[in-house]
Amino acid sequence: MPTWKEVTSANPAHSHNFARRWKTLEAEGTDIHGEARLADAMSERGSRILDAGCGTGRVGGELIRRGHDVTGIDVDPILIDYATKDHPDGKWIVGDLSSDPLPESAFDLAVCAGNVMGFVAIEGRKPALENLFTSLKPGGRLVVGFGSGRGWDFTDFLAMAEECGFRVDSTFSSWDLKRFTDNSTFLVAILSHPGAGLIS
């Protein structure tokens with residue numbers, strides 16, 4: 001699976017096409033806020049939320065609308081420009097989850113939607129998970145979703161998350177929490193940073 005940088009290097013128009021696709025889907029009445037609804041349900045009002053791999057701010061922008069303090073990070077400066085223009089109340093940062101230190105920490109929740117994990121280079125997987133782990137306050141949670149066929153087996157992903165310190169709380173096959181099975185082609189995992197506020 002190519003990384004996002006490889007995709008955009010091969011096709012410089014890809015980022016603008018990606019942004020237009022989401023705007024078109026929303027204009028057609030497609031529900032594009034399922035990930036944000038779940039993240040909102042997991043959070044107290046006014047929570048500090050990290051939108052990891054935020055793209056155009058589709059998820060983070062909806063969470064801002066629902067009353068949360070959102071910081072988004074994405075490797076693509078074009079998508080960050082869209083997020084900044086469309087959701088000016090958020091903090092949108094160009095950065096690589098695998099290699100750049102996050103500018104803030106002690107988040108209540110991090111959300112990683114849109115198959116972001118499938119675009120992380122193999123050598124960057126563990127650093128990305130370690131960065132996400134350290135971005136959370138003790139007791140904070142990460143909710144992450146991505147599809148199969150993207151070069152990262154679900155079992156391997158969950159095992160690596162545990163190696164990085166996360167506790168695997170729940171796994172589902174969709175953002176509306178359908179049951180995860182051995183045949184599931186999509187994973188939504190809820191992972192916790194063990195510490196204060198968590199019941200062991």
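Counting heavy atoms from C-beta outward, Phe18 and Tyr82 have side chains that stay 4.5 Å or more apart. Side-chain contact between Glu28 and Thr24: present, with at least one pair of heavy atoms (C-beta onward) separated by less than 4.5 Å. In this structure, the side chains of Ile80 and Ile93 stay at 4.5 Å or more apart for every pair of heavy atoms.
In terms of heavy atoms, Arg150 sits closest to Arg125 at O-NH2, 4.4 Å. Of all heavy-atom pairs spanning Asp74 and Gly55, the tightest one is OD2-N, 2.8 Å.
One hydrophobic cluster, built from ILVMFWY side chains closer than 4.5 Å, cannot hold both Leu50 and Val70; they sit in different ones. At a threshold of 4.5 Å between side-chain heavy atoms, the hydrophobic network of Ile, Leu, Val, Met, Phe, Trp and Tyr places Val116 and Val143 in two separate groups. Val7 and Ile73 fall into different hydrophobic clusters, where Ile, Leu, Val, Met, Phe, Trp and Tyr side chains are chained together by heavy-atom contacts under 4.5 Å. When hydrophobic clusters are built by joining Ile, Leu, Val, Met, Phe, Trp and Tyr residues whose side-chain heavy atoms come closer than 4.5 Å, directly or via intermediates, Phe186 is grouped together with Ile190. Hydrophobic clustering places Val144 together with Phe166 (ILVMFWY residues linked when any side-chain heavy atoms are closer than 4.5 Å, directly or through intermediates).
Using a 4.0 Å cut-off between charged nitrogen and carboxylate oxygen, Arg65 and Glu62 count as a salt-bridge pair. A salt bridge links Lys23 to Asp86: at least one charged side-chain nitrogen sits closer than 4.0 Å to a carboxylate oxygen. The existence of a salt bridge linking Arg37 and Asp176 is excluded, since no basic side-chain nitrogen approaches an acidic carboxylate oxygen closer than 4.0 Å.
Note that the CG atom of Asn11 and the NE2 atom of His16 stand 10.5 Å from one another [nearest 0.5 Å]. Going from atom OG of Ser135 over to atom CG of Leu97 covers 9.0 Å, rounded to the nearest 0.5 Å. A distance of 7.5 Å separates NE2 in His193 from OG1 in Thr134, rounded to the nearest 0.5 Å. Going from atom CG of Leu109 over to atom NZ of Lys137 covers 10.5 Å, rounded to the nearest 0.5 Å. Annotation: the span from Cys112 atom SG to Leu132 atom CG amounts to 6.0 Å, rounded to 0.5 Å. In this structure, Trp4 CH2 and Ser9 OG are separated by 12.0 Å, a value rounded to the nearest 0.5 Å.
Exactly one residue among Asp81, Thr8, Asp76 makes a side-chain hydrogen bond (donor to acceptor under 3.5 Å, both in side chains) with Ser15. That residue is Asp76.
Relative orientation of the Phe146 and Phe157 rings is perpendicular, given thresholds of 30° and 60° on the angle between their planes. Ring planes of Trp92 and His87: tilted class, angle from 30 to 60°.
Annotation: side chain to side chain donor-acceptor pair (under 3.5 Å) contacts involving residues 47-58, sequence neighbours excluded, comprise Glu35-Arg58, Arg48-Glu104.
A donor-acceptor contact shorter than 3.5 Å is absent between the side chain of Thr30 and the backbone of Ile32. In this structure a side-chain-to-backbone donor-acceptor pair under 3.5 Å is present from Asp31 to His33. When atom types are taken as modelled, the side chain of Arg141 and the backbone of Met42 share a donor-acceptor pair closer than 3.5 angstrom. Asp153 places a side-chain N or O within donor-acceptor distance of the main-chain N or O of Asp156, the cut-off being under 3.5 Å.
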Checking side chain to side chain contact (heavy atoms under 4.5 Å, CB included) for the pair Asp108/Glu44: CA distance, chi angles, key distance, verdict? CA-CA 9 Å; Asp108 300 297; Glu44 294 182 12; over 6 Å; no

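Other residues, nucleotides and ligands contribute at most 12 non-hydrogen atoms within 6.0 Å of the CZ atom of Arg179.
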